[in-house]
Amino acid sequence: MFNPLDHQGIPLERQLRNWRELDVDPIDPLAADPYTRCRIIALNGIEVEAILFSHHFARTCTDPEVKRQLAEIRYIEAQQQRVVNWLLPGVPSALETTIAYEQVAVDLTSWVARMEPDPYLQQAYEFGVLEDFDHLYRYANLFELIERRRAAKVVDDLTEVMPGRPTKAHHRHPVDNVRDPYDRTTVDPLSKLHALTIMAAEQQTMNFYMNVGPQYMEPIARQLYQEIGLIEEEHVTHYESLVDPGETWWERLVNHEYNECYLYYSFMTQESDPKVRAIWELHLNMEVEQLRIACDLMRRHDGREPADILAPALPEPVRFEPNKEFLRNLLATQIDLTTLGAGYVREAHERFERMQQQLHGGEAPASERVIDEHRAKFGDEYRIETAGPHPVTALRGEKQHA
Amino acid sequence: MPDQEDVVDLLLAQHARIEELFAAVLAGTGEARRESFHELVRLLAVHETAEEEIVHPLARRSIDAGDDVVEARLAEERAAKELLAELHDIGPDAPSFDSRIVVLRDAVLAHATYEERYEFPQLRHSVDADRLRGAARAVRAAEAVAPTRPHPGVESASANLLAGPAVAVFDRLRDAARDAMRH
C-alpha cells in the first residue's frame, strides 16, 4: 500500500503554475461520468478546507517564519483549488451543480459510514446521510420545477432520488448538533481522515448554498436554498464536533496534508477520465511534498514524530460507487431518528419541538412546498427509484415519473 | 396546465429536450440515431425560429440593454444554423458527423445557457405574466405547423420537408410564427 511518507514529491519551488497551466479544460457538460464530477466536487471541498484551515492557523500563529511558510504553501493550495473547481464546465446552472453536490454528499458519506471502524462515528455518518439524501430529492423536484431538467441527467442511475428523513425535521436545536469528539490518542487513524473529509465536504456545501441561493428569482428556489443552507450549518457543526479539539495546530496541519494525499491517491486509482486523472496524479505529487513540510514543522514545533499519529500506510482508497442497498437499509431503520445532546433518540423531545414551532411558525417550509408545487404543475413528484419501491411504505409515491 | 405555462417555461422544456436529443444522437447508432437526429433538427428549427420571431423581439423591447443581449443571441443562432444545415446535409452516417455534432452541441448549449442567465430572468422580471403566456401560445401555434417526427416507412410531407434543405424548415416556421403573432 502507498505510504506518502516514503515518497518524494515535487519541490515546492517548482509547484507554482502560470496562467496557461491554470487554464484547464473542463469536463464535458453532458457526457462526463457523474462520479468524475463527484470527485471534482469532493476534492474542491478538500482544497477549500486546506486554504481556510491555513488562514485560521496563520491568524493564531506568532512565528513570522512559519506564517511565511504557511503563506507559500497556501498559495499553491489556492492554485490547486482553482484548477480542481475549474474542471467544472460553465454550462450547468447553480442548481444543476447543487444536485451534483448532493450526490457527492450521499455517496461519499455512505462510503465513509460503511468503512468507519468506530461505532459512534459510524452512527454520525449514518444519521447525516439520510438528510443529504432527502435534500437531493427536494432539489431534484426544484430542478424540474424551475429549469425543466431532470436530475437523472446529473446523477444518471447511480444514485436514487426519493424521500429520506424529511427535511423539515432536520431543524434541530443547535445544542443538539454538537457530538462528542473522538479521542486522538486511541482513535483509528482512518477515523480522523473520515471526519476531516466529511466536514470539508459539508462546509463547502454550506458555503455554496449560502452564496448561490439569492441568485435565483423564483421565491421557492430562494426559500429552499435558505432552508437547506441552514441545515448545512447544522451538518458542519455535527461533523466538526467529531474531531478531537485537543489536536495541536501542527498535528492538524499534518492530518490535513495527509488526508489530501489520501484522497488524491484514492481518486487517481479510480478516475475514468484520463485528463482528470493526470491532474489527480500531479496534485498527489504536490501534496506529498506539502506533507513533508508539514511533518518537519510538527517535528520542530511539537517535538513529536508524525508517524506516531498517522497510519503506517494509506487506508483502502475511497471510492465513489452506488450505495443503493446500504441507503435503503438505513431508510428502513433510521429515518425517524433525531438527536438529543450528543446522542440519538426516536422521540420528538421538548427542545426539538420548541425549535420546530419557532422556526416553522405553523407553516409548511419550502422543502414541503417544492414537492406540492411540483405535484401541482406536473401531476406527480420527481423520483428515481431504480431498485424497487421506497422501503418505507408510507413514503411510496402514487406514481413514478417516467 | 399548458395554458398556464409561460414562454420561458416552454423554452426551458425545449432546452431540456434538446440536451436529451444531443445525448441520444451521440450515444445512438443506426435507425435510432437517425430518428433522434431528425427530431433534433425539427426541434432546433422550431425552437430557434420561435426565439427569433417571438421571444427576442419581446426581450429587445422590454429588458435593459435588450438590443445588445438580443444581437449576441442572434449571432449565436446564425452560427448554429449554419452548423446544423451542414450536418443535415452530410447526414448522421457521415464519418465527420460525430466530431461536427459535438461542435454544434457545444454551441447550442452555450447559447441556451446565455439565454437562461441573461435573457429569461429579465423577461420574467420585466414582462407582464399574461404577455409571457400569450407568447407561449404563439410559439405552440407556430410549432403546430412544423413537420412532425418522421416514422420509419411512413413517407409524409413532413419527411419530405426534412429531406429537403434545412433552410426550408426555418422559412416555413418563420412565416407561421409571424402569422401567430399577428393574431
Side-chain angles (χ1 to χ4, degrees), chain A residues 25-34 37 88-100 140-157 212-222 225 273 275 372-382 384 401-402, chain B residues 1-28 36 40 43 47 63-64 76 80 98-99 101-127 129 132-133 136 139:
Chain A
D25 279 340
I27 57 168
D28 189 293
L30 281 189
D33 177 347
R37 195 187 303 113
L88 294 181
V91 166
S93 67
L95 180 51
E96 185 168 336
T97 304
T98 296
I99 307 269
N141 277 269
L142 180 67
F143 191 40
E144 188 165 42
L145 186 65
I146 69 168
E147 296 190 14
R148 298 301 176 105
R149 264 74 162 192
R150 294 179 177 187
K153 91 173 260 219
V154 184
V155 302
D156 207 351
D157 60 358
V212 303
Q215 291 178 17
Y216 278 87
M217 282 179 35
E218 294 82 354
I220 186 69
R222 299 174 68 82
Y225 271 105
D273 180 327
K275 282 203 297 204
D372 296 340
E373 287 190 27
H374 190 284
R375 283 205 196 99
K377 196 157 188 168
F378 299 97
D380 61 3
E381 55 190 71
Y382 185 84
I384 306 175
H401 208 73
Chain B
M1 183 196 83
D3 277 349
Q4 291 302 311
E5 186 176 60
D6 75 10
V7 73
V8 172
D9 274 334
L10 184 62
L11 297 177
L12 287 173
Q14 290 182 346
H15 284 172
R17 184 65 190 146
I18 287 166
E19 286 172 7
E20 288 169 6
L21 286 168
F22 270 117
V25 172
L26 279 163
S36 298
L40 177 65
L43 181 55
H47 178 75
I63 69 179
D64 284 348
E76 290 155 14
D98 268 43
S99 57
I101 198 168
V102 170
V103 176
L104 173 67
R105 186 204 66 172
D106 290 350
V108 169
L109 284 182
H111 169 66
T113 300
Y114 285 131
E115 285 176 339
E116 292 185 27
R117 284 196 198 148
Y118 307 125
E119 189 174 353
F120 295 174
Q122 292 214 57
L123 270 179
R124 279 241 172 98
H125 185 69
S126 318
V127 181
L132 291 178
R133 281 196 290 270
V139 171

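Quantities reported herein were computed from a predicted structural model and do not represent experimental measurements.
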A:D33 meets the salt bridge (Lys or Arg N to Asp or Glu O under 4.0 Å) criterion, sequence neighbours left out, with A:R39
Note: vs chain A, highest number of non-hydrogen pairs under 4.5 angstrom among B:A112, B:A27, B:A110, B:A16 is B:A16
If you tally heavy-atom pairs under 4.5 Å between each of B:H15, B:R124, B:Q14 and chain A, the highest tally belongs to B:H15
In short, salt bridge (Lys or Arg N to Asp or Glu O under 4.0 Å) pairs touching residues 108-123 of chain B with sequence neighbours left out are A:R149-B:E116
Between the OH atom in A:Y216 and the CD1 atom in A:I146, the distance rounded to the nearest 0.5 Å is 5.0 Å
So, the part of A:Q215 with a heavy atom under 4.5 Å from chain B: the answer is neither
task: Answer yes or no: is there an ion pair linking A:R37 with A:D273, defined by an N-O contact shorter than 4.0 Å?
output: no
Okay, A:P92 and chain B: the region with an atom under 4.5 Å from a heavy atom over there is backbone
